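Since the model is a prediction, treat every value here as computed from it, not as a measurement.
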Amino acid sequence: MENILAPSILSADFKILGDQISQTEEGGARYIHFDVMDGIFVPSISFGMPVLSSIRGLTSQVMDVHLMVTEPVRYVKEFAKCGADIITVHLEACKDPAATLDEIHDCGVKAGISIKPGTPVEELEPYLDQAEMFLIMSVEPGFGGQAFIPESLERISRLRSMLEERKLDKDIEVDGGIYHSNVAEVLKAGANIIVSGSGVYKGNIRDNTTGFMEILKAYE
């Protein structure tokens with residue numbers, strides 16, 4: 001399974017965003033992680049559809065849109081129109097997760113489903129066949145710069161085991177507190193898509209990206 005880096009632009013400098021995104025692409029990052037926060041499901045507010053439309057024209061990278069919003073089904077069509085390639089919603093934010101995943105697929109994009117650190121991994125079981133990607137939050141969603149929660153490793157391993165028991169070859173994405181120093185542990189636990197904000201955008205972006213990619217390639 002291919003290991004993929006998804007730099008989170010939440011940590012980027014928007015004054016020079018185009019250049020910074022280009023540096024991640026040149027360094028080998030295939031995805032851009034696009035965090036949408038509504039101030040209700042999570043305390044913070046970030047950015048939305050107009051920003052996604054603008055970024056879509058800057059890069060050929062996969063637009064990995066993470067909706068940390070209440071009842072995300074309301075916005076799925078618009079985010080798909082604006083250029084999302086993958087739309088991930090939170091299990092905890094949906095009245096009907098299955099219907100929300102169906103709506104994402106109806107828009108012609110891949111569907112992901114995410115859980116907070118306090119939600120049992122087993123709650124994802126009804127959706128293992130339906131979603132293409134499963135996002136384990138390794139920090140509490142809503143703020144950047146938090147420390148990785150060590151118990152996340154066991155949760156990743158449990159989810160990978162659940163998928164393997166069903167003979168499902170699906171992506172596991174992990175988001176929160178991941179740097180060069182701990183990404184190997186996350187990969188060994190069973191993840192294959194790595195989200196990093198500060199770990200990519202703080203300091204030398206190209207060097208940070210290539211450093212991640214060397215580790216990711218070593219664990220494929």
Side-chain angles (χ1 to χ4, degrees), residues 1-12 20-21 23-36 55 59-68 84-88 90 110-117 121 124 131-161 163-164 169-220:
M1 181 176 287
E2 183 183 11
N3 291 331
I4 294 167
L5 180 64
S8 171
I9 62 165
L10 200 61
S11 297
Q20 293 195 336
I21 287 176
Q23 290 184 58
T24 69
E25 188 169 19
E26 291 163 6
R30 284 193 48 216
Y31 284 17
I32 289 293
H33 193 74
F34 190 90
D35 287 307
V36 181
I55 293 172
T59 179
S60 61
Q61 289 162 294
V62 171
M63 286 296 149
D64 174 26
V65 176
H66 178 195
L67 298 184
M68 289 176 274
D85 296 297
I86 304 168
I87 297 176
T88 297
H90 269 266
K110 291 183 178 179
I113 188 164
S114 179
I115 52 173
K116 294 181 179 182
V121 174
L124 290 172
E132 283 79 34
M133 186 173 77
F134 301 89
L135 170 54
I136 298 288
M137 291 299 301
S138 47
V139 298
E140 288 295 336
F143 298 101
Q146 298 179 67
F148 182 88
I149 298 172
E151 291 78 12
S152 303
L153 297 173
E154 184 179 344
R155 290 161 58 77
I156 297 162
S157 295
R158 173 61 184 142
L159 176 56
R160 181 56 73 191
S161 294
L163 290 167
E164 289 176 348
D169 188 19
K170 302 288 184 88
D171 292 320
I172 296 178
E173 183 173 59
V174 182
D175 182 359
I178 303 178
Y179 297 87
H180 292 172
S181 59
N182 63 352
V183 66
E185 294 178 278
V186 178
L187 295 167
K188 286 188 283 187
N192 69 296
I193 301 179
I194 302 298
V195 178
S196 183
S198 301
V200 171
Y201 285 108
K202 302 305 180 187
N204 188 307
I205 294 170
R206 189 176 283 101
D207 287 351
N208 290 340
T209 303
T210 56
F212 266 117
M213 292 308 303
E214 287 173 4
I215 302 168
L216 266 61
K217 292 296 182 186
Y219 283 90
E220 285 183 350

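Counting only heavy atoms from C-beta outward, the side chains of Ile149 and Arg155 never approach each other to under 4.5 Å. The shortest distance between side-chain heavy atoms of Phe134 and Glu173 does not fall below 4.5 Å. Counting heavy atoms from C-beta outward, Tyr179 and Ser198 have side chains that approach closer than 4.5 Å. Between Ile4 and Leu216, the closest side-chain pair of non-hydrogen atoms is not below 4.5 Å. Counting heavy atoms from C-beta on, the side chains of Met137 and Ser114 come closer than 4.5 Å. Counting heavy atoms from C-beta on, the side chains of Ile172 and Met1 never come closer than 4.5 Å. Between Met133 and Lys110, every side-chain heavy-atom pair lies at or beyond the 4.5 Å cut-off. In this structure, Val139 and Phe148 have side chains that are not in contact, with every pair of non-hydrogen atoms separated by 4.5 Å or more.
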Can you list, pair by pair, the side-chain donor-acceptor contacts under 3.5 Å of residues 59-67, counting residues two or more places apart and other chains?
from: Thr59; atom 1: OG1; to: Glu25; atom 2: OE1; distance (Å): 2.9
from: Thr59; atom 1: OG1; to: Gln61; atom 2: N; distance (Å): 3.0
from: Thr59; atom 1: OG1; to: Gln61; atom 2: OE1; distance (Å): 2.8
from: Ser60; atom 1: OG; to: Glu25; atom 2: OE2; distance (Å): 2.7
from: Gln61; atom 1: NE2; to: Thr24; atom 2: OG1; distance (Å): 3.2
from: Gln61; atom 1: NE2; to: Ala29; atom 2: O; distance (Å): 2.8
from: Asp64; atom 1: OD2; to: His33; atom 2: ND1; distance (Å): 2.7
from: His66; atom 1: ND1; to: His33; atom 2: NE2; distance (Å): 3.4
from: His66; atom 1: ND1; to: Asp35; atom 2: OD1; distance (Å): 3.0
from: His66; atom 1: NE2; to: His90; atom 2: NE2; distance (Å): 2.9

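Judged by distance alone, with hydrogens and angles left aside, the side-chain atoms of Gln146 form a donor-acceptor pair with the main-chain N or O of Glu140 at under 3.5 Å. Although no hydrogens or angles enter the test, the distance criterion places a donor-acceptor pair under 3.5 Å between the side chain of Ser138 and the main chain of Asp175.
Minimum interatomic distance between Asn208 and Gly203 (heavy atoms only, all atoms of both residues): ND2-C, 4.0 Å. Shortest non-hydrogen contact noted between Met68 and Pro141 is SD-CB, 3.6 Å. Smallest separation of non-hydrogen atoms from Asn182 and Gly177: ND2-O, 3.0 Å. Listed here is the closest heavy atom pair of Phe212 and His180: N-NE2, 3.3 Å.
No more than 12 heavy atoms of other residues, nucleotides or ligands shown are found within 6.0 angstrom of CD on Glu154. The number of heavy atoms from other shown groups lying within 6.0 Å of NZ (Lys116) is above 12.
Each of Ile86, Asp85, Leu5 was compared with Tyr31 under the side-chain contact (heavy atoms from CB on, under 4.5 Å) criterion, and only Ile86 meets it.
A search for side-chain hydrogen bond (donor to acceptor under 3.5 Å, both in side chains) contacts involving Asn3 returns nothing, not counting sequence neighbours.
Taking the charged nitrogens against the carboxylate oxygens, Lys217 and Glu220 do have a contact shorter than 4.0 Å, which makes a salt bridge.
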